[in-house]
Number of protein chains: 4
Amino acid sequence: MTISKNKARIPVQKRSIETKEKILNAAWELFAEKGYFKTNTNELAERAGIATGSFYGYFNNKKEVGIELMMRFYKEVSKKALSNFYIQIGDNVAENLDTGRKLVRFIIKSLKESHAINPLLHKETTALILLDEDVRNISSEEDKKIIAFLITLLQQHKQLIRVDDIEAAAVLLFRTSDEIIHRIMIHKDAIDEDRLLKELEDMICSYLFITVS
Amino acid sequence: MTISKNKARIPVQKRSIETKEKILNAAWELFAEKGYFKTNTNELAERAGIATGSFYGYFNNKKEVGIELMMRFYKEVSKKALSNFYIQIGDNVAENLDTGRKLVRFIIKSLKESHAINPLLHKETTALILLDEDVRNISSEEDKKIIAFLITLLQQHKQLIRVDDIEAAAVLLFRTSDEIIHRIMIHKDAIDEDRLLKELEDMICSYLFITVS
Amino acid sequence: MTISKNKARIPVQKRSIETKEKILNAAWELFAEKGYFKTNTNELAERAGIATGSFYGYFNNKKEVGIELMMRFYKEVSKKALSNFYIQIGDNVAENLDTGRKLVRFIIKSLKESHAINPLLHKETTALILLDEDVRNISSEEDKKIIAFLITLLQQHKQLIRVDDIEAAAVLLFRTSDEIIHRIMIHKDAIDEDRLLKELEDMICSYLFITVS
Amino acid sequence: MTISKNKARIPVQKRSIETKEKILNAAWELFAEKGYFKTNTNELAERAGIATGSFYGYFNNKKEVGIELMMRFYKEVSKKALSNFYIQIGDNVAENLDTGRKLVRFIIKSLKESHAINPLLHKETTALILLDEDVRNISSEEDKKIIAFLITLLQQHKQLIRVDDIEAAAVLLFRTSDEIIHRIMIHKDAIDEDRLLKELEDMICSYLFITVS
DNA sequence: AATGAATGAGAATTCATTCAT
DNA sequence: TATGAATGAATTCTCATTCAT
């Protein structure tokens, strides 16, 4: 269903906003505990402390809750990464390799933090992206914003970067980091987290920056 | 449920093997067309041209079909990767940078081919890995084999490689390449396939090998 | 399965109570018409005039309906037996043989009435007791109450009774009467009902009471 | 289904008879272990060591196996009770009360032995009698034979017996004893077996025979 | 707005029996 | 006769969503 009937109200009143928040919090917990598909709307309502039917006053369907939760992760990336960037990197970017590594570390750290909020829920969201076209499209749009930001970032450090195709590099940088972090959080590959993240950082740096051998 | 009642027969007779094959082929098609979750066992049987009940003579449930298909992918990867390796790289590995790049290209190509077999089915499988613990565990074991193979490969080219932590590098190499290929096949990121793959190759090479600047 | 998920609601609202009653009435009819095993939950819902799914709002499964109906029989027996006892026997129990026979007649009559409510359903219940352990246990508990009541009754008429082992006598009395009545109601043994009941009464009296030869 | 297609062969050859026996033995075990309804024909065939389809060479359907097993119990009663009667009671029946009690004991003992062969299977059979009309009719016919025998028996001891309605007495005697034994074997009423059987014997004797008070 | 009972299509699974080999 | 794969109707139970109150 791509067309929504949109009967769910947009909450304005304080109590309404609170109710919506209660539902999202319930989903936050339950989707992490049992998974998106194994959680049903009755449980969701019950955990939120509302009646089954009331749920549909705030969301048109279950999927919408999944989407809203997914957006929280994106907001987290934005909030952490975008707004706080200059605070952490410094305004007058010192143009040297050290800054480059700092930059990469910062990106990895931001993504890691967004995954860390609720790793199991993040996993569910990832599955939903794979399984549902609507969700995938929304996620795709958000990804584009992140990538656009990364492009800007890389362009701001052009003098450090030896890669010509900045756009492709940004995509590569984002996908690669996100995947490795995801693996660490979810799949618990046999390998140690720190070792893997160190290599990730090294890989990206050796790729992006002009290294003095 | 990890314990199965295992009522499904293990086909020995020619007819049985054929029927099982018919089911797997039906699943192959349907999971790609409609997705794993949206396909039900009745459809599966119907597409296979057998009776509903017959399905349960060969598989205890839908998940088992999913697992069996996933295993086919892994076998495909192994087969492609292992058997063709020497043909492509050459038996007497010339110890120079060119060989290193050849190696990386080979790995990327192998993974790409495994994804290309049935991209949509591959996507479903990826989702299943995220959503089901049993599937995840099986997949995890198979991934280990691939990574083990990569470790061997990298160790055989030690003199080219500047990375110390070969294990972590192998994991990184596998995950990174797999994810990028997955993105290309499934999500159709705005970026052009060739550009992205070129950068991936560059990234891995600049990371792994001693580059003469 | 002895542990139930207990998703069935406990009806409080008037509408709920009515719906539950509708289901029980449907079961009452259908179990008698077609038998417990040959009735399925869809039919049950249909006869009750509700949707299939609604059934599961009130009972976790068919068995629970069977149990609930069985309990109704027991309640019926208790109600009939306990409340009408003094009306029929009289308050100041005349201590003579006549009272003894009255007592036995009363017991037989009470059991007979409970069977007469819905003989076919009673038969199904009896089968269920044999086939299902949970049902058997519940029935066993209820039987104990009846037997306990009979023990009290017999003890109140101790002076008439020549049997030493009152407990065993009560069990014997209950099982014997119940079985004979059951036979009469269900199996239609070739023999005439009145003749058999007369002999039953005689048998019990001659066993229990001091007869003046 | 009251009309049978009767495709099952009547085994004459030794091997055929053995196969049929294997099926019956498998059912004997399985119906006692899991119950008639919870045992399926595949299991039955497997336990018998034959192929699923072969089952239908010997029985037209599952019910027939139940019936044949039921008949075994009846044969047991006949064998034990009817043929061995004179051996145990003695040919020249001493016409005194002692013989009466012996008689009752003998009847109870015979019934008890038939129940004891395989109590759980006997329970299943009892349920089947309740649930299936065909089975009930066959059982009814067999019951009549037993009752007829009891009538003969009682008539042979007429001089001891004070009951007028011998027919009704025979039915009562059979049903009562059978039920109590059944209870003892299956339901494990709280009461001790010996106590209950003693009272049963007393009850029947005090009813049947002229007691010198 | 809130409630929670009702809906009903849909999914998984079973199993007595048949039938081609 | 034996085999065991195949059949497919039947059954139980779930759950997102609606709707009367």
Side-chain angles (χ1 to χ4, degrees), chain A residues 1 5 7 9 11 13 15-16 19 37-46 50-63, chain B residues 5 7 9 11-16 18-20 37-46 49-63, chain C residues 5 7 9 11-16 18-20 37-46 49-63, chain D residues 1 5 7 9 11 13 15-16 19 37-46 50-63:
Chain A
M1 202 211 302
K5 277 169 276 170
K7 283 189 301 186
R9 68 188 76 89
Q13 284 179 16
R15 193 169 66 135
S16 268
T19 306
F37 290 99
K38 282 171 197 152
T39 301
N40 65 44
T41 47
N42 284 321
E43 269 176 299
L44 211 46
E46 197 185 3
I50 59 165
T52 321
S54 305
F55 172 83
Y56 288 88
Y58 297 92
F59 294 93
N60 288 304
N61 50 51
K62 193 175 142 186
K63 201 164 82 181
Chain B
K5 276 172 277 170
K7 281 184 300 189
R9 64 183 77 95
V12 223
Q13 284 185 13
K14 199 188 151 206
R15 187 162 64 135
S16 265
E18 277 169 14
T19 306
K20 185 159 189 180
F37 289 98
K38 281 170 198 151
T39 301
N40 63 45
T41 49
N42 285 325
E43 278 175 296
L44 222 39
E46 198 183 1
I50 58 164
T52 323
S54 303
F55 173 83
Y56 289 91
Y58 295 92
F59 296 94
N60 289 304
N61 48 53
K62 199 172 74 174
K63 197 166 92 179
Chain C
K5 276 171 276 171
K7 281 184 302 189
R9 64 184 77 97
V12 224
Q13 283 185 16
K14 200 190 152 205
R15 186 162 64 135
S16 266
E18 277 169 13
T19 306
K20 186 159 190 182
F37 289 97
K38 281 171 197 150
T39 302
N40 63 46
T41 48
N42 286 326
E43 279 174 297
L44 221 39
E46 198 183 1
I50 58 164
T52 321
S54 303
F55 173 84
Y56 289 92
Y58 294 91
F59 297 93
N60 289 303
N61 47 54
K62 199 171 76 175
K63 199 166 92 178
Chain D
M1 202 211 304
K5 276 169 277 169
K7 282 187 301 185
R9 69 189 76 88
Q13 283 180 16
R15 194 168 67 136
S16 268
T19 306
F37 290 99
K38 281 171 196 150
T39 301
N40 64 45
T41 48
N42 284 320
E43 269 176 300
L44 211 46
E46 198 184 4
I50 59 164
T52 321
S54 305
F55 173 84
Y56 288 88
Y58 298 92
F59 295 92
N60 288 305
N61 50 53
K62 193 175 141 186
K63 202 165 83 181

Does A:Tyr58 reach a base, just sugar-phosphate, or nothing at all? Heavy atoms under 4.0 Å.
sugar-phosphate
Between C:Phe59 and C:Lys20, is there a cation-pi geometry (under 6.0 Å to ring centre, at most 45° from the normal)?
yes
Any strand is fair game: report the nucleotide pairing with F:dT18 by Watson-Crick or G-U wobble, both distances under 3.5 Å, or none.
E:dA5
Have a look at C:Gly53 and say if it touches a base, only the backbone sugar-phosphate, or nothing, with a 4.0 Å heavy-atom cut-off.
base
I need the D:Phe55 CZ to D:Asn60 CG distance, nearest 0.5 Å.
9.0 Å
Return the nearest nucleotide to the side chain of D:Asn61; candidates are F:dA16, F:dA6, E:dT17.
E:dT17
What are the two closest non-hydrogen atoms of A:Lys62 and A:Thr39, and how far apart are they?
NZ-O, 2.8 Å
May I have the distance from C:Arg15 (atom CZ) to F:dA20 (atom P), rounded to whole angstrom?
10 Å
Below the 4.0 Å mark, does E:dA6 have OP1 or OP2 next to a side-chain nitrogen or oxygen of C:Thr19?
yes
Where the side chain of A:Lys62 is concerned, which of E:dG4, F:dA2, F:dA16 is the nearest nucleotide?
F:dA16
Measure from NZ on B:Lys38 to P on E:dA12 and round the result to the nearest Å.
14 Å
E:dT7, OP1 or OP2 - any side-chain N/O from C:Ser54 closer than 4.0 Å?
yes
So which nucleotide from F:dA16, F:dT12, E:dG4 ends up closest to the side chain of A:Thr41?
F:dA16
For residues D:Ser16 and D:Tyr58, report the shortest heavy-atom separation together with the two atoms involved.
O-CE2, 3.5 Å
Return the value, rounded to whole Å, for the distance between atom CD of C:Glu46 and atom P of E:dA6.
17 Å
Value in whole Å for how far the P atom of F:dC15 lies from CD of A:Glu43:
8 Å
Whole-Å gap separating P (E:dA6) and CZ (C:Phe59):
12 Å
Rounded to whole Å, NZ of C:Lys20 lies from C1' of E:dA6 at a distance of 17 Å
Distance check needed: E:dT14 P versus B:Asn42 CG, whole Å only.
13 Å
C:Asn40 side-chain proximity, nearest of E:dT3, F:dT11, E:dA6
F:dT11
When you match C:Phe37 and A:Thr52 each to their closest nucleotide on DNA chain F, which lands nearer the 5' end?
C:Phe37
Sugar-phosphate, base or nothing in reach of B:Ser16, heavy atoms under 4.0 Å:
sugar-phosphate
Between C:Ile50 and D:Phe55, which residue's closest nucleotide on DNA chain E lies nearer the 5′ terminus?
C:Ile50
Is it true that atom CD of D:Glu43 has more than 12 heavy atoms of other residues, nucleotides or ligands lying nearer than 6.0 Å?
yes
Rounded to whole angstroms, how far apart are OH on A:Tyr56 and P on E:dG4?
16 Å
